[in-house]
Number of protein chains: 2
Amino acid sequence: MVNEKIRKQVKDDFTEYLTLRKHRKTSERYAILDHIYSIDGHFNMDSLYNSMLEACFRVSRSTLYNTIELLLDCGLVVKHQFGAGTAAQYERAYGNENHDHIICVDCGEVRETSNNLISEDQLKKIRKFTVSYYSMYIYGVCSKCSYARRMKLNRLRRK
Amino acid sequence: MVNEKIRKQVKDDFTEYLTLRKHRKTSERYAILDHIYSIDGHFNMDSLYNSMLEACFRVSRSTLYNTIELLLDCGLVVKHQFGAGTAAQYERAYGNENHDHIICVDCGEVRETSNNLISEDQLKKIRKFTVSYYSMYIYGVCSKCSYARRMKLNRLRRK
DNA sequence: ATGTATGCAAACCATTTGCAATGAC
DNA sequence: GTCATTGCAAATGGTTTGCATACAT
């Protein structure tokens with residue numbers, strides 16, 4: 001859960017974006033934005049849909065996809081695609097500063113790390129491009145799966 | 001196209017992997033590996049399938065998926081998922097050292113940059129994790145789309 | 001001879017699309 | 001009143017799965 005000041009700020013940002021683009025300010029759009037900013041960490045369309053149901057605000061999946069598109073476009077939400085078969089993951093863009101992800105290629109677990117491996121200054125070096133956000137994906141094997149791999153190999157060797 | 005030494009090396013690596021895991025050494029598997037190492041830059045399943053057809057080596061899509069899975073597992077191929085609706089992209093892991101991608105959120109164009117923004121040393125700091133590879137995705141708006149955005153906004157303002 | 005790998009077709013499932021009903025402007 | 005937005009249902013398309021056939025061991 002993010003503080004009240006940020007919640008107010010993102011709502012105002014969204015209003016400005018909608019007004020400028022001549023998009024309508026519907027209750028669904030604000031409810032979705034506010035709900036997303038009550039979620040800590042990652043979410044996907046399914047968990048967002050269910051989580052909003054629980055909070056007694058029913059929106060169709062179409063509207064979720066529709067609104068997320070706007071929120072991505074104005075930079076209030078960030079999208080991640082960790083695997084092909086898996087659903088896209090999202091997270092709020094503010095009040096959530098760590099963007100480095102450590103992904104286990106065996107079990108698919110996604111761990112986040114707080115120590116950013118890259119500095120903002122380095123991103124400014126990129127020419128002819130306006131950076132809105134970045135994602136660092138580090139693929140490898142977590143300690144649990146690393147152990148499972150060793151066991152499997154040992155079994156094969158013994159055969 | 002990668003040099004002969006690397007081609008030989010990856011073939012040997014693959015043989016070692018298949019032997020150790022008690023997988024069979026089929027002509028399809030070696031043909032796919034060799035073909036992938038003849039491709040510069042990104043490819044997807046469809047382009048790989050067609051490209052192999054042109055080279056007169058017919059393999060089923062199932063076998064491509066099957067084999068790519070093995071090549072990912074032994075670290076000879078790297079996988080990227082830039083968007084949800086789009087097909088997964090792949091590239092060979094050796095003879096292809098740049099892993100930083102600059103992706104335009106508007107047109108989806110993927111640009112590669114040779115100057116790695118991160119040092120190998122920093123990756124070693126991660127604990128309880130064996131890093132096999134990493135990908136840096138930088139999202140934003142390319143100069144072409146940036147111009148299109150400004151034009152669109154100007155049109156809306158005039159209305 | 002045995003059982004893994006291949007190839008085809010069908011299934012899967014997150015996401016997108018088409019369209020009638022709703023509601024913001 | 002107009003037309004963008006919502007919500008439902010159907011379509012899409014990359015990927016996965018099931019199963020008969022082929023072939024590496």
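Each chain gets a letter, A, B and so on, in the order the sequences are listed, and its residues count up from 1. Worth knowing before you read on, the calculation uses all heavy atoms, side chains too, and leaves out hydrogens, waters and symmetry mates.
In this entry the distance linking CD of A/Glu69 with C1' of D/dT6 reads 16 Å, nearest Å. The nearest whole Å value for the distance from the CD1 atom in A/Ile68 to the C1' atom in C/dT16 is 15 Å. Atom OH of A/Tyr49 is separated from atom P of C/dT15 by 15 Å (rounded to the nearest Å). The distance between atom CG of B/Leu48 and atom C1' of D/dT15, rounded to the nearest whole Å, is 15 Å. One interatomic measurement links the two molecules: OH of B/Tyr30 to P of C/dA5, which rounds to 12 Å at whole-angstrom precision. Put simply, CG on A/Leu72 is 14 Å from C1' on C/dT15, counting in whole angstrom units. One atom, CG of A/Asn66, and another, C1' of C/dG18, lie 14 Å apart when rounded to the nearest Å. Rounded to whole Å, atom P of D/dG14 lies 14 Å from atom NZ of B/Lys79.
Ranking D/dT5, D/dT15, C/dA14 by closeness to the B/Ala88 side chain, first place goes to D/dT15.
The side-chain hydrogen bond (donor to acceptor under 3.5 Å, both in side chains) search around A/Asp13 returns A/Gln9, not counting sequence neighbours. With sequence neighbours excluded, no residue forms a side chain to side chain contact (heavy atoms under 4.5 Å, CB included) with B/Thr86. Residues that satisfy the salt bridge (charged side-chain N to carboxylate O under 4.0 Å, His left out) test with B/Lys8, not counting sequence neighbours, are B/Asp12. Judged as a side-chain hydrogen bond (donor to acceptor under 3.5 Å, both in side chains), and not counting sequence neighbours, the contacts of B/Thr63 are B/Ser60. Every residue meeting the side-chain hydrogen bond (donor to acceptor under 3.5 Å, both in side chains) condition with A/Tyr30, not counting sequence neighbours, appears here in chain and number order: A/Thr15. Listed by chain and number, the residues in a salt bridge (charged side-chain N to carboxylate O under 4.0 Å, His left out) with A/Arg61 are A/Asp46 (sequence neighbours excluded). Every residue was checked against the side-chain hydrogen bond (donor to acceptor under 3.5 Å, both in side chains) condition with A/Lys5, not counting sequence neighbours, and none meets it.
For the pair B/Tyr65 and D/dT15, the criterion of a side-chain N or O lying under 4.0 Å from OP1 or OP2 is met. At the phosphate of C/dA14, neither OP1 nor OP2 sits under 4.0 Å from any side-chain N or O atom of A/Asn44.
Between A/Arg7 and A/Asp34, at least one side-chain nitrogen of the basic residue sits less than 4.0 Å from a carboxylate oxygen of the acidic one, meeting the salt-bridge criterion.
In the helix from C/dA1-D/dT25 to C/dC25-D/dG1, the end axes, each obtained as the rotation axis mapping the C1' atoms of four pairs onto the next four within a five-pair block, lie 30° apart to the nearest 10 degrees.
Near-neighbour residues of DNA chain C inside residues 54-62 of chain B, defined by a heavy atom below 4.0 Å, number-ordered: B/Arg58, B/Val59, B/Ser60, B/Ser62.
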field: Under 4.0 Å protein heavy-atom contacts per nucleotide of nucleotides 20-25 of chain D, with B for base, S for backbone only and - for none
entry: ---BBS
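Applying the ring-ring contact (aromatic ring centres under 6.0 Å, His included) definition to pairs two or more places apart or across chains, those involving residues 39-73 of chain B are B/His42-B/His80, B/His42-B/Phe82, B/His42-B/His101, B/Phe43-B/Tyr90.
The two atoms that bring A/Gly95 and A/Ile6 nearest to each other are CA-CD1, 4.0 Å, heavy atoms only.
At least one donor-acceptor pair closer than 3.5 Å links the side chain of B/Arg92 to the backbone N or O of B/Tyr94.
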